[in-house]
Amino acid sequence: MFGQVSIRSDDDQGSDSSTNELSNRKKNGVEINIESFNKESNSNGKGTPDDRDGVSSIDLEKTDIDVDEAVLQQGLSSRAIQFIALGGAIGTGLFVGTSSGLTTCGPAGLLTSYIIMASVLYPIMNAFGEMVCYLPGGRGKSSQGAAAYLVSKYVDESLGFATSWNYFYCFAILGATEGTAAAAVVEYWTLKIPKGALITIYIVVVVILNFGPVKFYGESEFWFAITKILCILGLIILCFILFWGGGPNHDRLGFRFWKGDLAWANHSAPGNLGRFLDVYTGIIKAGFAYILGPELVSLTSAECQDQRRNIAKASRRFVYRLIVFYVLSALGISVIVSRKDPTLAMALNAGKAGAASSPFVIGIINAGIPVLPHIINACILLSAWSSGNAFTFAASRCLVTMANEQGAPKFFGKINRFGTPYVAVAFTTLWLCLAYLNVSSSSAEVFAWLSNISTISGFIGWAVSCIAYLRFRKAIIFHDMYDRLPFKGPLMPYLVWYALFWVVILSLTNGYQVFMREYWNASDFIAAYITLPVFFGLLFGHRLWKRTFFRWKWYKPIEEIDVITGVEEIEFITKELDDNRVPPTTLWGKFMDWLI
């Protein structure tokens, strides 16, 4: 038997008649109705991606809830959450952005930097996982998995205000960045379509997906993620085959491009210092590929089904994404393409995008494989569309949360009957239009400058989120609630201190090259450091507005951090879900249960 759960307040009047048995239980003024269905319809245990949510979990969100005003709907299925965690933010940064890292840092610098960046991001995902699984939020007008909401709750309201606008800018500008990339990808095939028209098509599709119910976004990201995952896995396997000489030209590559002066670029200095700077520059560049991955998972908590189970599973899966998709991709690229490859150098110098400057595609062309570059280019196009879709979703949820937590004008918090924050989505759409700056070459430079700032905004967001986790952890221990954490990351909080150290250093030194005489450039200096004064300006300005600037403590005392309210309710709901979950009995059913 599997069930369907609805949450009703004590004020709800009446109930639907049903011939099925209803199990009604109340806890703290919340009534949970579990409607039983016929087990025989699923007795074969063969869960498919479409019916898995019915087989192994109880759907909290598909029933009607009587409310006075529209709220965010919990329409994201288990499979959508899991695949968003695996492939949600994978975009052009991995497929194309690695080309710059390879030429600038060399294969050794590229791979080492991606490994280090993965080790930084892993504890950040676990930190979000612990906070969001503990109190994932429910149907409401705010996304309680938003980083800014967590910062306000566990650290300080003013810091949360500055964080919220920092994140909104970062999400919105990255959405526009992917639109530019999508247009450039199409130009790999033809130059007859105006770039402005291509950007318009991109924006229209993203807006349609985000103006609909959240389940449309979830389904689109599910299929986008599957495409990206299959593409990346296929490319990694192909790199392995080319490594052993399995290509049409039977040229056994091995680690040919790691030998001699090809392993390191020494782009800023000679010797060991040059190798160190290769790695450090690679870490900064890798930030664009990794940026905002954990936040996309945590943001879905208020709108997903079976919240604790799905967010915990997604958090655990994140490590596979880091190791397989990023680290192995960096290794594969370093094997099949030389950092001195003339085609790659020509593409970067000409500012080409898409498959034209993708190291994967250049390696495939060098191996003499036809047609495949066009297929990879199509996957890059879908990845850009997917990432733009995800960033637009995240920006709108960030803005609607700000509006309902007194961090933005209230009209941004309006939600329609489908659970869509339509005003926030419309405002985010205006930011997507910044992609049109790339129609002319001069404005393209301005847009590239804005895009570089977004990576630094991501570093700042990670730093503040680590601080929020450390305060959350102290509050949990102070209130003796540690044993009730449903998800616990390994070696926490020590790994969070490690991640905090890295992101603070990166935020302060990401523009280190501009301080070298031969690299000094005023615009690069501003792009590297303008975000810091803007962030602290928002923080100080909000404290002055709230008249809290001269308080000697700029953070909440541990005893005032509320980690109690809502815990019993979510624990009760989770228990009901677990008690009515039927474990799969077939091999296929068990595989699908593990997968989604």
Side-chain angles (χ1 to χ4, degrees), residues 87-101 170-191 193-207 209 221 224-225 227-228 231-232 235 285-293 296 325 329 333 344 347-348 350-362 373-395 428-429 431-441 443-455 458:
I90 297 176
T92 54
L94 179 60
F95 284 106
V96 181
T98 44
S99 58
S100 175
C170 195
F171 283 127
I173 201 69
L174 284 173
T177 303
E178 296 294 345
T180 300
V185 166
V186 176
E187 290 184 339
Y188 177 77
W189 290 308
T190 179
L191 297 175
I193 305 175
K195 183 177 290 187
L198 297 172
I199 293 173
T200 300
I201 295 172
Y202 163 84
I203 293 175
V204 168
V205 173
V206 169
V207 168
L209 292 174
E221 279 303 298
F224 278 141
T227 303
K228 290 188 285 187
C231 180
I232 293 173
L235 288 172
K285 288 181 175 294
F288 184 73
Y290 282 99
I291 208 73
L292 302 181
L296 288 178
F325 300 146
S329 292
I333 288 168
L344 179 61
L348 290 175
K352 295 181 180 180
S357 61
S358 171
F360 283 116
V361 171
I362 292 173
H374 297 283
I375 298 175
I376 302 304
N377 200 51
C379 290
I380 296 173
L381 176 61
L382 287 177
S383 295
W385 235 318
S386 170
S387 295
N389 186 35
F391 290 138
T392 302
F393 171 84
T428 304
T429 302
W431 284 73
L432 296 182
C433 294
L434 288 174
Y436 289 113
L437 288 173
N438 284 268
V439 172
S440 65
S441 57
S443 58
E445 295 176 3
V446 176
F447 185 72
W449 188 73
L450 294 174
S451 301
N452 291 336
I453 296 176
S454 65
T455 303

(request) Calculate, to the nearest 0.5 Å, the distance between atoms CD1 and SG belonging to I291 and C170 respectively. (result) 5.5 Å

(request) List in chain and number order the residues that pass side chain to side chain contact (heavy atoms under 4.5 Å, CB included) with T98, two or more places apart in sequence or in another chain; answer none if no residue qualifies. (result) L94, Y114, I333, P359

(request) List the atom of L434, the atom of A176, and the distance in Å for their closest heavy-atom pair. (result) CB-CB, 4.3 Å

(message) Applying side chain to side chain contact (heavy atoms under 4.5 Å, CB included), can you list everything that pairs with F288, at least two apart in sequence or on another chain?
(response) L174, T177, T455

(message) Using 30° and 60° as the class boundaries, would you call the ring planes of F171 and F391 parallel, tilted or perpendicular?
(response) tilted

(request) Report the residues that fulfil side chain to side chain contact (heavy atoms under 4.5 Å, CB included) with L235, sequence neighbours left out, ordered by chain and then residue number. (result) F95, C231, F360, I364, I376

(request) Please test T180 against Y202 for side-chain hydrogen bond (donor to acceptor under 3.5 Å, both in side chains), starting from the C-alpha separation and ending with a verdict. (result) CA-CA 9 Å; T180 300; Y202 163 84; over 6 Å; no

(message) If you compare all heavy atoms of A435 against all heavy atoms of I199, which two are closest, and at what distance to 0.1 Å?
(response) O-CD1, 3.3 Å

(request) Report the C-alpha distance between F224 and L209 in whole Å, list the side-chain angles of each, state the deciding distance to 0.1 Å, and finish with yes or no for side-chain contact (heavy atoms from CB on, under 4.5 Å). (result) CA-CA 12 Å; F224 278 141; L209 292 174; 4.3 Å; yes

(request) Measure the CD-CG distance between E178 and L381 for me, rounded to the nearest 0.5 Å. (result) 11.0 Å

(request) Just jot down the side chain to side chain donor-acceptor pair (under 3.5 Å) partners of T227, sequence neighbours excluded, or say none. (result) none

(message) How long is the straight-line distance from CD1 of I193 back to CG of L198, given to the nearest 0.5 Å?
(response) 5.0 Å

(request) Indicate the atoms forming the closest heavy-atom contact of V361 with P373, along with that distance. (result) CG1-CB, 3.6 Å

(message) Once rounded to the nearest 0.5 Å, what's the spacing between atom OG of S329 and atom CD1 of I232?
(response) 5.5 Å

(request) Find out whether N389 and E221 are in side-chain contact, i.e. whether some heavy atom of one side chain is under 4.5 Å from a heavy atom of the other. (result) yes

(message) A side-chain contact here means heavy atoms from C-beta on lying under 4.5 Å apart; do V206 and L432 qualify?
(response) yes

(request) Taking all non-hydrogen atoms of both residues into account, name the closest pair between A395 and T428 and its distance. (result) CB-CG2, 3.6 Å

(message) For a 4.5 angstrom cut-off between non-hydrogen side-chain atoms, does T392 reach W431?
(response) no

(request) Go through the steps to decide whether C379 and H374 satisfy the test side-chain contact (heavy atoms from CB on, under 4.5 Å), and finish with yes or no. (result) CA-CA 9 Å; C379 290; H374 297 283; over 6 Å; no

(request) Say whether, by atom type as modelled, one donor and one acceptor occur between the side chain of S386 and the main chain of L382 under 3.5 angstrom. (result) no

(request) Applying ring-ring contact (aromatic ring centres under 6.0 Å, His included), name anything that partners F393, two or more places apart in sequence or on another chain. (result) Y217

(message) List the residues meeting side chain to side chain donor-acceptor pair (under 3.5 Å) with T429, not counting sequence neighbours, and say none if there are none.
(response) none

